[in-house]
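First the structure, in the form of structure tokens, and then the observations on it.
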Amino acid sequence: MLTDLKPQPADKILALMQAFREDPRENKIDLGVGVYKNAEGVTPVMRAVKAAEQRLVETQETKAYTGLAGDPAYAAAMRGLILSDSVDAGRVAAVATPGGTGAIRQGLELMQYADRAATIWLSAPTWPNHPSIVKYLGIPMREYRYLASDLPVVDFDGMMEDLKGVKAGDLVLLHGCCHNPTGANLTAEQWAVVADHLEATGAIPFIDIAYQGFGDGLEEDAYGVRLLAARMPEMIVAASCSKNFGVYRERTGLLMAIAPEQKSKAEAQATLNFLNRQNYSFPPDHGARVVQMILDDPELRADWQTELEDVRLGMLKLREQLARELRNRTNSDRFDFIAEHRGMFSRLGATPAQVEVLREKYGIYMIGDSRINIAGLNEATVPIVAQAIAVEIG
Ligand code: PLP
């Protein structure tokens with residue numbers, strides 16, 4: 001059996017991380033990997049997470065299994081954080097999952113289990129793991145235009161034109177906020193147009209929300225998902241706590257399925273529990289419990305929100321600095337979009353050859369499609385990166 005296996009194509013992002021580690025240059029700059037880093041290049045454990053973990057060590061009396069859906073208090077706290085009061089909680093089925101990736105996987109499995117003929121629509125471009133998992137599961141897939149070909153802004157007309165092809169029961173995957181990899185996001189008006197279209201066609205939104213609090217703020221970043229939750233009879237939401245709680249390796253995610261009414265919610269809940277059972281039985285608990293403790297404790301929650309807001313504002317400042325430096329160095333507004341984008345990522349619009357030159361000549365690492373992680377910068381490296389971009393791309 002094992003001798004029949006074929007080599008796996010290298011994961012581009014992981015290969016880039018490896019190349020960065022092996023690069024002996026001291027002044028190398030990593031704008032590739034998608035984790036938050038502070039000005040010292042560290043991905044810190046957040047203060048509230050440390051405090052909750054300490055409390056947990058002192059108070060936890062058992063490591064016995066939780067339920068198949070995980071701790072209901074975690075699901076309730078996360079539902080509140082993401083959906084607030086936009087939808088009746090009695091319609092929301094939820095299971096804890098290993099990270100946001102686990103939530104996406106379980107959401108797709110739910111879709112496949114319910115309706116083998118349904119198609120999932122993905123933005124072009126999107127996070128590469130989306131099409132990868134969809135293809136692995138053999139789910140029919142279509143793409144809709146998202147980024148304009150000439151400008152790094154949302155091609156909303158193109159998107160709506162392509163989404164004319166959706167059929168009732170199809171799922172449309174939308175990034176809740178901070179679109180990865182583009183950093184270009186829908187406006188409130190555009191979310192409303194999308195909601196109208198999905199309502200009219202009977203297609204179902206599948207929201208991936210992995211960066212709540214990294215864009216315009218915790219509440220602001222939930223605008224689209226809450227608007228749709230309030231209006232749509234059915235919806236899937238896959239959430240990740242990796243970034244906004246900084247608990248990457250704890251694998252902390254949540255899948256919610258919003259049903260039209262309580263009866264179908266009970267069936268959705270039973271099916272989600274069943275799917276967890278088939279794949280890994282009980283979901284991981286540590287990260288989920290820490291997140292729940294933070295969200296349900298006013299003091300820990302306030303401290304978490306303060307630190308998260310500092311992270312968000314820090315990235316915004318770097319965006320503004322980089323756009324300003326590029327404006328000065330290129331004498332053009334070509335890169336002004338960097339300050340308009342939100343979240344950790346923006347795409348520079350460079351060719352793969354230019355991306356390679358930046359890596360070879362300057363030790364500046366980014367993904368081949370020219371996606372940069374803003375959090376990989378700091379005040380001191382922005383001018384260096386801006387100069388290299390201005391010379392090689394500007
Ligand atoms: N969705 C998007 C768009 C992401 O960028 C990520 C992580 O990079 C995830 C989901 C899931 O993250 P995780 O599985 O680490 O929670």
Side-chain angles (χ1 to χ4, degrees), residues 11-14 16-17 30-37 43 45-46 49 70 74 78 81-82 94-109 120-134 136 143 146-147 154 171-186 205-215 221-222 224-225 236-256 276 279-280 283-288 290-291 311 315 341-347 366-367 369 371-376:
D11 181 303
K12 285 191 189 129
I13 299 183
L14 300 185
L16 192 74
M17 280 164 75
D30 180 12
L31 306 181
V33 63
V35 298
Y36 170 74
K37 287 182 277 183
T43 305
V45 181
M46 294 179 88
V49 168
Y74 164 67
M78 284 291 287
L81 178 70
I82 299 164
V95 281
T97 55
T101 309
I104 294 162
R105 170 72 187 250
Q106 295 300 72
L108 290 170
E109 293 226 11
I120 182 122
W121 293 71
L122 304 180
S123 66
T126 190
W127 184 46
N129 230 7
H130 289 150
S132 171
I133 301 172
V134 168
Y136 176 71
E143 288 188 328
Y146 189 74
L147 206 65
V154 176
L171 277 92
V172 178
L173 196 149
L174 299 153
H175 296 225
C177 61
C178 306
H179 186 274
N180 179 6
T182 69
N185 296 296
L186 299 181
F206 186 134
I207 310 282
D208 176 2
I209 182 153
Y211 299 91
Q212 189 181 354
F214 269 38
D221 289 348
V225 67
I236 302 290
V237 182
S240 167
C241 300
S242 299
K243 317 285 153 97
N244 53 4
F245 287 87
V247 289
Y248 303 84
R249 65 175 64 171
E250 300 299 349
R251 311 311 298 136
T252 311
L254 185 81
L255 178 69
M256 291 187 279
N276 264 9
N279 283 323
Y280 38 77
D285 178 66
H286 180 80
V290 164
V291 164
V311 163
M315 286 191 293
H341 283 176
R342 288 294 179 270
M344 274 203 317
F345 308 115
S346 273
R347 256 190 184 181
M366 62 187 72
I367 310 294
D369 64 1
R371 184 195 84 171
I372 59 168
N373 177 2
I374 296 293

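Worth saying up front: this structure is predicted, and the values here are computed from it rather than measured. Residue numbers run from 1 in the order of the sequence given. Order of listing sets the numbers, starting from 1, for every ligand and every atom in it.
- Taking the six-membered ring where the residue is Trp, Tyr146 and His179 present parallel rings, their angle staying beneath 30° rather than reaching 60°.
- Near ligand 1, residues Gly99, Gly100, Thr101, Ile104, Trp127, Asn180, Asp208, Ala210, Tyr211, Ser240, Ser242, Lys243, Arg251 come within 4.0 angstrom through at least one heavy atom.
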(message) Is there a side-chain hydrogen bond (donor to acceptor under 3.5 Å, both in side chains) between Thr126 and His175? Walk through the geometry before answering.
(response) CA-CA 9 Å; Thr126 190; His175 296 225; 2.8 Å; yes

(message) Is there a side-chain contact (heavy atoms from CB on, under 4.5 Å) between Tyr36 and Met344? Walk through the geometry before answering.
(response) CA-CA 8 Å; Tyr36 170 74; Met344 274 203 317; 4.1 Å; yes

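- In this structure, Pro283 and Asn276 have side chains that are in contact, with non-hydrogen atoms separated by less than 4.5 Å.
- Minimum interatomic distance between Asn373 and Val33 (heavy atoms only, all atoms of both residues): ND2-O, 2.8 Å.
- For Ser240 (side chain) and Gly253 (main-chain N/O), no donor-acceptor pair under 3.5 Å exists by modelled atom type.
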